[in-house]
Amino acid sequence: MRYDLVIFDNDGVLVDSEPLSNRLLAGYLTELGHPTSYEDSIRDYMGSAMHRVHDLVLERTGRRLPEDFDEVFHARVFAAFERELRPVPGVTDVLEKLAADGVPYCVASSGSHERIRVGHRTTGLDRWFTDERIFSSEDVGRGKPAPDLFLYAARRMGVAPGRCVVVEDSPLGVQAAVAAGMDVYGFTAMTPPERLAGAGRLFADMGELTGLLV
């Protein structure tokens with residue numbers, strides 16, 4: 001194993017949540033008078049913390065989103081998770097292999113701790129991720145594309161940044177990993193490869209990941 005720590009993004013890498021959450025985000029923004037397509041949401045917000053949604057809407061329209069925007073949005077997302085969320089195909093095999101080989105791993109997500117835990121509980125991935133393996137943008141001052149979250153996760157796991165690899169599916173996440181001085185593998189199942197050009201390796205099937213890590 002060439003790395004001492006594997007850091008997974010959550011949405012789109014561990015749980016297949018990006019189609020659900022971006023469909024709901026686009027719909028809610030449109031409902032509030034900010035016309036947004038599913039493709040717009042993927043392009044502008046995939047992989048980011050919620051503050052980016054607020055910041056971009058304010059920057060583009062001069063209007064603030066409602067104070068309860070996050071609360072309403074997350075309620076809709078969690079309800080959809082309960083009905084439809086699944087783990088990313090092949091990811092449980094990757095986690096089983098890492099655990100069997102004793103390779104440290106964790107998740108570092110732009111989503112809230114609650115969102116991470118709801119998704120893991122719904123999909124059964126909670127068996128792989130105890131509290132000490134879960135890191136959220138809530139834990140740091142700045143979310144992706146800033147490197148803060150990945151650096152925080154590495155520090156808490158006791159591993160130097162240069163000994164970490166990040167598994168990401170968003171341009172913002174790739175930027176954050178590169179800025180943190182970590183290797184990054186871009187998962188292109190949902191993201192066009194050219195948007196993850198900063199990643200050291202690209203792969204489209206989660207079943208390929210274990211072979212790339214050794």
**OP:** Give the minimum heavy-atom separation between P161 and L151, together with the two atoms involved.
**Re:** CG-CD2, 3.8 Å
**OP:** Work out which heavy atom in S137 is nearest to a heavy atom in S110; give both atom names and the distance.
**Re:** OG-O, 2.7 Å
Original post:
Is there a donor-acceptor pair under 3.5 Å between the side chain of S136 and the backbone N or O of D139?
Top reply: no
Original post:
Hey, does the side chain of E208 reach the backbone of D205 with a donor-acceptor pair shorter than 3.5 angstrom?
Top reply: yes
Original post:
Does V88 reach the side chain of F187, with side-chain heavy atoms less than 4.5 Å apart?
Top reply: yes
**OP:** Just grab all the ring pair (Phe, Tyr, Trp, His ring centres under 6.0 Å) pairs involving residues 36-66, residues at least two apart or on different chains.
**Re:** H54-F69
Subject >> Main-chain N/O of L98 paired to D101 side chain as donor or acceptor, under 3.5 Å >> reply: no
Subject >> Beyond-backbone contact of T61 with H34, side-chain heavy atoms, under 4.5 angstrom >> reply: yes
Original post:
Does D44 reach the side chain of R60, with side-chain heavy atoms less than 4.5 Å apart?
Top reply: yes
Original post:
For the residue pair V91 and V13, what are the closest heavy atoms and their distance?
Top reply: CG2-O, 3.7 Å
**OP:** Taking side chain to side chain donor-acceptor pair (under 3.5 Å) as the test, write out the residues that go with R117, two or more places apart.
**Re:** H113, D131
Original post:
Of all heavy-atom pairs between L149 and A108, which one has the smallest distance, and what is that distance?
Top reply: CD2-C, 3.8 Å
Original post:
Do NZ/NE/NH1/NH2 and the carboxylate oxygens of R121 and D126 come within less than 4.0 Å?
Top reply: no
Subject >> For L32 against P66, the heavy-atom pair lying closest together >> reply: CD1-CD, 3.9 Å
**OP:** Flag the pair L25 / T36 as yes when at least one side-chain heavy-atom distance between them is below 4.5 Å, and no otherwise.
**Re:** no
Original post:
Is the Y185 ring parallel, tilted or perpendicular to the Y3 ring (thresholds 30°, 60°)?
Top reply: perpendicular
Original post:
Y28 ring centre to R76 NZ or CZ under 6.0 Å, with the angle to the axis within 45°?
Top reply: yes
Original post:
Between E132 and T130, is any side-chain donor less than 3.5 angstrom from a side-chain acceptor?
Top reply: yes
**OP:** Please test R115 against S21 for side-chain hydrogen bond (donor to acceptor under 3.5 Å, both in side chains), starting from the C-alpha separation and ending with a verdict.
**Re:** CA-CA 11 Å; R115 178 181 172 125; S21 59; 3.3 Å; yes
Original post:
Do R2 and V214 come close enough that some side-chain heavy atom pair is under 4.5 Å?
Top reply: no
Subject >> Near-ring test Y105/F129, centroid separation under 6.0 angstrom >> reply: yes
**OP:** Identify the heavy atoms of S109 and D11 that sit nearest to each other, and give their distance.
**Re:** OG-OD2, 3.9 Å
